[in-house]
Visitor: 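Okay, here's the structure, questions in a sec.
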Amino acid sequence: MNPSELIRLQITLEYALDEAGRLVPFPGSSEQGLYIVYRHAQGYIPFYNHCLPQELCERLAGLDSAQAFETPDAVATLLQSYAPARLEGRFVSEFIPHPPQLADIPQVIFRDGQFVVLEQGEPVCWAWSERSNEHCAEVAVETHPAHRRKGYARRAVAAWAHQVIGSGRAALYSYKAENAASRALARSLGAAWYADVVCYST
């Protein structure tokens with residue numbers, strides 16, 4: 001899959017898109033982005049919330065998309081002409097292209113929709129699909145603080161990826177750019193980068 005296809009998959013996990021390709025938050029969703037920009041190897045892909053006035057969307061479109069990454073205060077100020085806005089964060093979007101080997105995922109069980117690592121019969125790490133549809137799923141993982149740095153997150157996410165990829169869907173993994181532990185986990189799973197992302201929200 002190319003970056004544009006993966007970006008399209010990811011954005012439609014988090015939002016519906018109207019006829020103009022603008023973001024429409026799902027009912028009850030915590031995702032309330034006003035302006036989201038993906039930076040991939042061939043360029044940039046921006047998305048605008050459907051509530052933004054057309055004039056503001058045109059002004060944002062007139063910016064060099066790189067400014068969303070390089071001058072966030074200027075972009076936030078422009079958005080604030082419509083509503084309170086801030087840079088929510090910078091994220092890295094990756095996907096796991098190949099299913100991990102079953103030998104890599106010992107001590108993992110499937111329970112209540114989660115892949116759970118047990119230590120002496122007790123759950124110590126969990127991975128699950130934070131968002132999913134018929135085309136892809138995005139993972140979330142949590143490890144008990146007393147059991148971190150033992151490789152359990154890798155086992156749990158590997159089991160999750162094996163199931164998702166085996167079902168014919170793309171296995172997506174995103175994390176905050178400053179999260180070194182998540183970056184190391186992605187590397188250990190052979191994840192491939194496809195985009196950096198900035199999100200401006202209310």
Side-chain angles (χ1 to χ4, degrees), residues 1-97 128-141 164 168-180 182-183 186 191-202:
M1 303 184 89
N2 65 45
S4 295
E5 292 170 331
L6 289 161
I7 289 166
R8 182 80 176 188
L9 286 179
Q10 184 180 15
I11 202 71
T12 54
L13 274 180
E14 301 173 355
Y15 298 90
L17 297 176
D18 67 13
E19 292 182 357
R22 294 194 184 177
L23 305 172
V24 181
F26 294 122
S29 173
S30 62
E31 303 291 342
Q32 298 293 322
L34 295 174
Y35 178 50
I36 298 173
V37 181
Y38 285 79
R39 177 173 60 194
H40 59 95
Q42 286 79 46
Y44 298 85
I45 300 178
F47 292 93
Y48 311 93
N49 192 292
H50 75 113
C51 289
L52 293 179
Q54 178 64 27
E55 180 185 359
L56 179 54
C57 291
E58 290 173 358
R59 291 176 68 189
L60 288 166
L63 295 175
D64 180 348
S65 292
Q67 290 189 41
F69 292 84
E70 296 169 4
T71 58
D73 289 345
V75 174
T77 298
L78 183 56
L79 285 164
Q80 285 164 8
S81 66
Y82 166 72
R86 60 182 176 84
L87 175 63
E88 182 178 325
R90 298 169 183 259
F91 303 89
V92 178
S93 292
E94 302 189 339
F95 76 109
I96 302 172
W128 66 96
S129 292
E130 185 171 28
R131 306 176 185 88
S132 65
N133 59 29
E134 65 272 27
H135 304 294
C136 60
E138 189 168 32
V139 70
V141 59
V164 169
R169 296 178 293 162
L172 307 182
Y173 181 37
S174 299
Y175 53 90
K176 287 192 172 182
E178 65 271 20
N179 191 329
S182 289
R183 184 181 302 109
W193 174 85
Y194 62 90
D196 295 325
V197 191
V198 288
C199 175
Y200 294 81
S201 62
T202 56

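Keep in mind that what you see is a predicted model, and the values were worked out from it rather than measured.
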Visitor: Pair Ser132, Glu138 - check side-chain contact (heavy atoms from CB on, under 4.5 Å), show working.
Guide: CA-CA 6 Å; Ser132 65; Glu138 189 168 32; over 6 Å; no
Visitor: So, do Gln42 and Pro3 sit near enough that their side-chain heavy atoms are less than 4.5 Å apart?
Guide: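 Heavy-atom side-chain distance check passes, below 4.5 Å.
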Visitor: Under 4.5 Å between any side-chain heavy atoms of Leu17 and Leu23, yes or no?
Guide: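 They are in side-chain contact.
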Visitor: May I ask you to test the Cys199-Ile36 pair for a side-chain heavy-atom distance under 4.5 Å?
Guide: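 The answer is yes; the side chains approach within 4.5 Å.
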Visitor: If you compare all heavy atoms of Thr12 against all heavy atoms of Arg8, which two are closest, and at what distance to 0.1 Å?
Guide: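 Heavy atoms only, the tightest pair is OG1-O, 2.9 Å.
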Visitor: Rounded to the nearest 0.5 Å, what separation is found between the OG atom of Ser93 and the CD1 atom of Ile11?
Guide: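 If we round to the nearest 0.5 Å, Ser93:OG and Ile11:CD1 are 9.0 Å apart.
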Visitor: Go through the steps for Tyr194 and Gln10 under the test side-chain contact (heavy atoms from CB on, under 4.5 Å), then give the verdict.
Guide: CA-CA 11 Å; Tyr194 62 90; Gln10 184 180 15; 2.9 Å; yes
Visitor: Rounded to the nearest 0.5 Å, what's the gap from NE2 on His40 to CG on Leu6? Could you check?
Guide: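 One finds 11.0 Å between NE2 of His40 and CG of Leu6.
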Visitor: Check whether any side-chain N or O of Arg183 sits under 3.5 Å from a backbone N or O of Ala177 as a donor-acceptor pair, and report yes or no.
Guide: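 Such a contact is found between Arg183 side chain and Ala177 backbone.
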Visitor: To the nearest 0.5 Å, what is the distance between CD1 (Ile45) and CD1 (Ile7)?
Guide: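 Result: 4.0 Å between the selected atoms.
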Visitor: Rounded to the nearest 0.5 Å, what separation is found between the CG atom of Asp196 and the OH atom of Tyr44?
Guide: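 The OH atom of Tyr44 is 9.5 Å from CG of Asp196, to the nearest 0.5 Å.
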Visitor: In terms of ring plane angle, is the pair Tyr38 and Phe47 parallel, tilted or perpendicular, where the classes change at 30° and 60°?
Guide: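 Rings of Tyr38 and Phe47: perpendicular, over 60°.
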Visitor: Where is the tightest heavy-atom contact between Pro53 and Tyr82, given as atom of each residue plus distance?
Guide: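 In this case the closest contact between Pro53 and Tyr82 is CD-CD1, 3.4 Å.
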Visitor: Taking side chain to side chain contact (heavy atoms under 4.5 Å, CB included) as the test, write out the residues that go with Glu31, two or more places apart.
Guide: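 Glu31 satisfies side chain to side chain contact (heavy atoms under 4.5 Å, CB included) with Glu14, Tyr15, Ser29, Arg131 once adjacent residues are dropped.
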Visitor: Using 0.5 Å steps for rounding, measure from the CG atom of Leu9 to the CG atom of Asn133.
Guide: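 Atom-to-atom, Leu9:CG and Asn133:CG are 7.5 Å apart.
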Visitor: Roughly how far apart are Leu52 CG and Arg22 CZ, rounded to 0.5 Å?
Guide: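 CZ of Arg22 is found 7.0 Å from CG of Leu52.
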Visitor: Does anything in residues 45-62 pair up under salt bridge (charged side-chain N to carboxylate O under 4.0 Å, His left out), and if so which pairs, sequence neighbours excluded?
Guide: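 Passing the test, one end in residues 45-62: no pairs.
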Visitor: Of all heavy-atom pairs between Trp193 and Ala41, which one has the smallest distance, and what is that distance?
Guide: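 Minimum heavy-atom separation between Trp193 and Ala41: CH2-N, 3.8 Å.
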Visitor: Keeping Tyr173 on the side-chain end and Ser182 on the backbone end, is there a donor-acceptor pair under 3.5 Å?
Guide: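 Looks like yes, one N/O pair under 3.5 Å.
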Visitor: Considering all heavy atoms of both residues, which atom of Tyr175 and which atom of Ala186 are nearest to each other, and what is their separation?
Guide: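 Tyr175 and Ala186 have their closest heavy atoms at CE2-CB, 4.1 Å.
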Visitor: Which pair of heavy atoms, one from Ala137 and one from Leu13, lies closest together, and at what distance?
Guide: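 Between these two residues, the closest heavy atoms are C-CD1, 4.2 Å.
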Visitor: Do Val92 and Asn179 come close enough that some side-chain heavy atom pair is under 4.5 Å?
Guide: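 A side-chain contact is absent here, since even the closest heavy-atom pair is not under 4.5 Å.
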Visitor: Do you know the tightest heavy-atom contact between Leu79 and Tyr35?
Guide: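 Scanning both residues, the minimum pair turns out to be CD1-CB, 4.1 Å.
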Visitor: Side chains of Leu63 and Leu78: closer than 4.5 Å at any heavy-atom pair?
Guide: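 Yes; the side chains approach each other to less than 4.5 Å.
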Visitor: In the structure I gave you, are the side-chain heavy atoms of Pro25 and Asn49 within less than 4.5 Å of one another anywhere?
Guide: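 Of all side-chain heavy-atom pairs linking Asn49 with Pro25, at least one is under 4.5 Å.
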